[in-house]
Amino acid sequence: MAADSAVVADRVAETFAAEVKGLDLTPEVIDELGRAIFETYLDHKVLVFRAQDISAGTFAKFGTIFGRPEEHHVLKLRHPDEPTLTYLSNQNEPGRNKEMKTSGQGWHSDYSYKLVPGSATMLHGLEIPQAGGDTLFADAESAFAALPEERKAYLRTLRVRHQYRWSPDREDPWARWKYIGPEERRKTPEITHPLVRRHPDTGRETLFIQPRVIGSVIGIEGMPEDESTALIEELIAHITSDRFVYRHKWSPLDVVVWDNRCVLHSATTKDLDEQHVRRLLRLTTAGQPVTPSLPEVGHSRLSATSAP
């Protein structure tokens, strides 16, 4: 039960994620219950709203509950009528590279490669296969809380290098270098973030790290590559262990919203046969500068070294 009795949410995973019952996301409900929905979202980090037969415009309005909607910098992914919405599809859509069909596959946090990362992300399931195409979520906040105190203290001192287009192998079929142009590259320079951030709304600490290839992470600042890679792999394995993961099995017209500041997610579209159509709308809201747990670690900044 949320702070407002009109918003009832039932927990669906061990440490996070909840399904909101009996609420239709009409413009009127969004206006009247927006604050209560937002507080419920802070409580659970992932919210599921089933069977929401709403327009793209209403979905965009829903996004304003969680902040200012952002336009995606990859122009080919934008919705033709609502520029703050991204149109996701596992089909060969006109004008798109084939790699875009599996966009979102692999653990990551949206816009982590920006000086100001994304806040909330939400999806609306327009066409959903009978089976497959699930979305996975991992609770990085609870994962940090479960670590030994000595380990937490060490991780609070570290910073992470991020860049959207970076990949250890530019020939990898998922390498983002292949499908962004010069202007999009200019807008995504290398930046660094604290490895442990403090949530701006709840004050709780969370790990802020993604895998190197899909999550656009170059490595730990100032650490030898082999040590950096080992630490990142160790942390990702911990965050994505079963007790911190929720698998969302889609039903038609589901709306799912999650908190990028403390949750990782991954599509599973690569494992879905193209004969099974999966189309969704996506929206991400602007966040806040990353607050480190230790002031001496410093805030996010453009990196002193930047990849070409």
Side-chain angles (χ1 to χ4, degrees), residues 9-19 40-48 66 88 102-113 117-123 125 132-148 151-152 155-156 158 160 162 174 193-202 204-217 220 229-250 254-272 280 282 284-285 287 290 293:
D10 293 342
R11 184 61 65 88
V12 293
E14 184 176 341
T15 66
F16 74 134
E19 183 173 330
T40 307
Y41 151 86
L42 291 180
D43 287 342
H44 298 287
K45 308 166 200 171
V46 177
L47 292 183
V48 177
F66 309 94
L88 302 182
T102 57
S103 179
Q105 182 93 9
W107 290 107
H108 65 287
S109 173
D110 289 334
Y111 299 167
S112 65
Y113 47 84
S119 181
T121 297
M122 55 220 72
L123 296 174
D134 302 346
T135 302
L136 307 176
F137 299 96
D139 185 353
E141 181 183 283
S142 294
F144 180 75
L147 291 172
R151 192 63 167 163
K152 290 180 188 177
L155 296 176
R156 291 185 184 108
L158 302 179
V160 183
H162 298 249
W174 291 349
H193 290 307
L195 173 56
V196 180
R197 68 181 294 184
R198 192 171 295 280
H199 196 289
D201 291 309
T202 68
R204 294 190 290 265
E205 293 175 296
T206 184
L207 291 164
F208 195 56
I209 185 70
Q210 296 85 43
R212 298 181 73 218
V213 177
I214 305 306
S216 305
V217 167
I220 306 298
T229 299
L231 176 57
I232 291 169
E233 291 177 352
E234 172 198 326
L235 293 175
I236 295 303
H238 175 63
I239 295 169
T240 60
S241 57
D242 289 346
R243 60 177 167 154
F244 302 125
V245 170
Y246 164 62
R247 174 182 286 267
H248 181 70
K249 296 183 179 297
W250 287 89
D254 282 356
V255 167
V256 181
V257 56
W258 65 93
D259 193 337
N260 275 291
R261 299 167 295 183
C262 54
V263 170
L264 298 184
H265 65 284
S266 174
T268 59
T269 320
K270 185 183 177 185
D271 304 322
L272 183 65
L280 308 96
R282 171 185 176 270
T284 298
T285 63
V290 175
S293 290

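Here the structure is a predicted model, which means the values were calculated and not measured. One-based numbering along the sequence shown.
- Separation of atoms CG (L158) and CD1 (I220) is listed at 6.0 Å; rounding is to 0.5 Å.
- Put simply, CG on D259 and NE2 on H44 are 13.0 Å apart, with the number rounded to the nearest 0.5 Å.
- The shortest distance between side-chain heavy atoms of L42 and H199 falls below 4.5 Å.
- A heavy-atom distance below 4.5 Å is not found between the side chains of T206 and F144.
- Atom CH2 of W258 is separated from atom OG1 of T284 by 7.0 Å, given to the nearest 0.5 angstrom.
- In this model, a donor atom of one side chain and an acceptor atom of the other lie less than 3.5 Å apart for N260 and T121.
- Of all non-hydrogen atoms in F244 and H238, the two that sit nearest each other are CD1-O, 3.3 Å.
- The two residues W107 and P211 have their closest heavy-atom pair at O-CD, 3.0 Å.
- Taking the side chain as every heavy atom from C-beta outward, C262 and R204 never approach each other to under 4.5 Å.
- Here OG of S142 is found 11.0 Å from CG of L147. Values are rounded to the nearest 0.5 Å.
- Ring pair H108/H265 is tilted by interplanar angle, where 30° to 60° counts as tilted.
- With contacts defined as side-chain heavy-atom distances shorter than 4.5 Å, the pair T268/T135 does not qualify.
- Looking at every heavy atom in both residues, T202 comes nearest to E141 through OG1-OE1, 4.3 Å.
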* To do: Please test R282 against D110 for side chain to side chain contact (heavy atoms under 4.5 Å, CB included), starting from the C-alpha separation and ending with a verdict.
  => CA-CA 11 Å; R282 171 185 176 270; D110 289 334; 3.2 Å; yes
* To do: Dump the intermediate steps for side chain to side chain contact (heavy atoms under 4.5 Å, CB included) on L47 and V256, then the final yes or no.
  => CA-CA 6 Å; L47 292 183; V256 181; over 6 Å; no
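- At least one side-chain heavy atom of D254 sits under 4.5 Å from a side-chain heavy atom of H248.
- Judged by distance alone, with hydrogens and angles left aside, the side-chain atoms of S266 form no donor-acceptor pair with the main-chain N or O of L136 at under 3.5 Å.
- G125 and W250 get closest at one heavy-atom pair: N-CZ3, 3.9 Å.
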* Asked: Given I209 and L231, is the side chain to side chain contact (heavy atoms under 4.5 Å, CB included) satisfied, shown in steps?
  -> CA-CA 10 Å; I209 185 70; L231 176 57; over 6 Å; no
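- A salt bridge does not link E205 with K152: every distance from a Lys NZ or Arg NE/NH1/NH2 to an Asp or Glu carboxylate oxygen is 4.0 Å or more.
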* Step by step, work out the side chain to side chain contact (heavy atoms under 4.5 Å, CB included) result for Y246 and V12. => CA-CA 8 Å; Y246 164 62; V12 293; 3.6 Å; yes
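- Atom CD of residue E14 and atom CZ of residue R243 lie 7.5 Å apart, to the nearest 0.5 angstrom.
- Rounded to the nearest 0.5 Å, atoms NZ (K249) and CG (D134) are 4.0 Å apart.
- A pairwise comparison of heavy atoms in Y111 and G118 identifies CB-N, 3.4 Å as the closest pair.
- The minimum heavy-atom distance linking S119 with F66 is given by the pair OG-O, 4.1 Å.
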